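Okay, structure first, notes after.
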Amino acid sequence: ALRILSDTPSHRRALTAQGLVPPLLALLSREGQDPAVLGAGCRAAAELTRRCGAPCAQQLSRHGGIPQLAALAGHSLRPVREGALAALANLCGQGFVRPSVGGAGGVALLLAALRREPSSPQARAHLRALCLCCREAVNRARVRAGGGLDLLLALLQLPAHRESHPHILLALLAYFYDQAALDYLQARGLVPALLGQLLRLAGLPRGAAGGAVPPPPPPPPPPRDSREAASFDYPPERPVPGEEQPNESSASFLGLR
């Protein structure tokens, strides 16, 4: 019922305001829970966090939902695993919880899911969440340590992920000040990959001496990220209502240090 009621942004805001997050987390944490109920609960969490707002993300964070979802994302049952990981990916739309998502193992879970099923229906959402995680220094280090640079570079060259290429390029751009990462990417073929992107956008055949060809139809523009998705390394001067404020335990740079 909760999953069905979470069908619109206004309904999701109302459910959050009425305190549905703590009971849902209590249901997911109950020992010996029926697998069918557990799977339904994870799907409800994924739906409730769709286009996740700051109040919902804050409640999940305060009530221990992030490590709980991360643990469920490694469950043996596919409905439980997919629902929990979808909820974690949705939470990545809120910058102030992304360091916590990464700290709970979310970056490693997203990398594993993309390696395991790069063409699944959920892969686009997982890839977007991984790219958003690259906006904070502490998560960029986790992506690099988990072999994520190779994965991003490989997906950048796959036509099947063409709609996600803008997100991947922005994620790689975040490593601009990381010389070790840039050297690694250059050794793995970053320059030819970028050249291929430029030639495609210009409508030029790769490796041809000249002669333009009609460019392929452009992919639909990716949805614009909301203000809340900005890097938490630079918190906004006017925070979103209900948003946690940076402190020594949550700031990405301090955590990385």
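Just so it is clear, the structure is predicted and the values come from calculations on it, not from any experiment.
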### Query
Distance from Glu82 atom CD to Cys42 atom SG, nearest 0.5 Å?
11.0 Å
### Query
Can you find a pair of side-chain heavy atoms, one from Gln68 and one from Leu28, that are under 4.5 Å apart?
yes
### Message
Using every non-hydrogen atom in the two residues, find where Ala73 and Arg81 come nearest and quote the distance to one decimal.
### Response
O-CG, 2.9 Å
### Message
Testing the basics here: between Ala104 and Pro67, what is the closest heavy-atom pair and its distance to 0.1 Å?
### Response
CB-CA, 4.0 Å
### Separation of Arg98 CZ from Ile66 CD1 (nearest 0.5 Å)
11.5 Å
### Message
If I take atom CG from residue Leu152 and atom CZ from residue Arg144, how far apart are they, to the nearest 0.5 angstrom?
### Response
13.5 Å
### Task
Please assess Leu77 against Leu38 for the test side-chain contact (heavy atoms from CB on, under 4.5 Å), listing each intermediate value before the final yes or no.
CA-CA 10 Å; Leu77 295 177; Leu38 194 58; 6.0 Å; no
### Task
Look up atom NE2 in His63 and atom CD in Gln58, then write down how far apart they are to the nearest 0.5 Å.
9.0 Å
### Query
Hey, is the main chain of Leu25 close enough, under 3.5 Å, to the side chain of Ser29 for a donor-acceptor pair?
yes
### Query
Under 4.5 Å between any side-chain heavy atoms of Cys92 and Leu88, yes or no?
no
### Task
Answer yes when Glu117 and Arg78 have at least one side-chain N-carboxylate O distance shorter than 4.0 Å, and no when they do not.
yes
### Message
Taking Leu194 as the starting point, is it possible to reach Leu151 by hopping between hydrophobic residues whose side chains are less than 4.5 Å apart?
### Response
yes
### Message
Are the side chains of Val37 and Arg30 in contact, using a 4.5 Å heavy-atom criterion?
### Response
no
### Task
List the steps and the verdict of side-chain contact (heavy atoms from CB on, under 4.5 Å) for Val101 and Val107.
CA-CA 7 Å; Val101 171; Val107 167; over 6 Å; no
### Query
Under a 4.5 Å cut-off applied to non-hydrogen side-chain atoms, are Gln59 and Pro22 in contact?
yes
### Gap between atom NE2 of His161 and atom NE2 of His167 - 0.5 Å precision
13.0 Å
#### Entry: Closest heavy-atom pair and its distance - Gly146, Arg115
O-NH2, 2.6 Å
### Summary
Here the gap from Asp150 atom CG to Leu155 atom CG, rounded to the nearest 0.5 Å, amounts to 11.0 Å
#### Entry: For the student: nearest non-hydrogen atoms of Ala46 and Ala86, plus distance
CB-CB, 3.8 Å
### Task
Verify side-chain contact (heavy atoms from CB on, under 4.5 Å) between Asp178 and Arg140, making sure each step is shown before the conclusion.
CA-CA 10 Å; Asp178 187 339; Arg140 283 199 296 275; over 6 Å; no
### Message
Quick check: do Tyr184 and Leu190 have side-chain heavy atoms less than 4.5 Å from each other?
### Response
no
### Task
Determine whether Leu91 and Leu69 make a side-chain contact, defined as any pair of heavy atoms from C-beta on separated by less than 4.5 Å.
yes
#### Entry: Leu110 side chain near Val143 side chain, heavy-atom distance below 4.5 Å
no
### side-chain contact (heavy atoms from CB on, under 4.5 Å) between Arg188 and Leu185, intermediate numbers included
CA-CA 5 Å; Arg188 292 300 189 277; Leu185 286 167; 5.7 Å; no
### Summary
Of all heavy-atom pairs linking Leu182 and Phe176, the shortest is CD1-O, 3.2 Å
### With Cys131, the side chain to side chain contact (heavy atoms under 4.5 Å, CB included) member among Ile168, Leu172, Leu169, Leu170
Ile168
### Query
Just wondering, do Leu85 and His126 contact through their side chains at under 4.5 Å, heavy atoms?
yes
### Summary
Tightest non-hydrogen contact, residues Val138 and Pro99, listed as CG1-CB, 4.2 Å
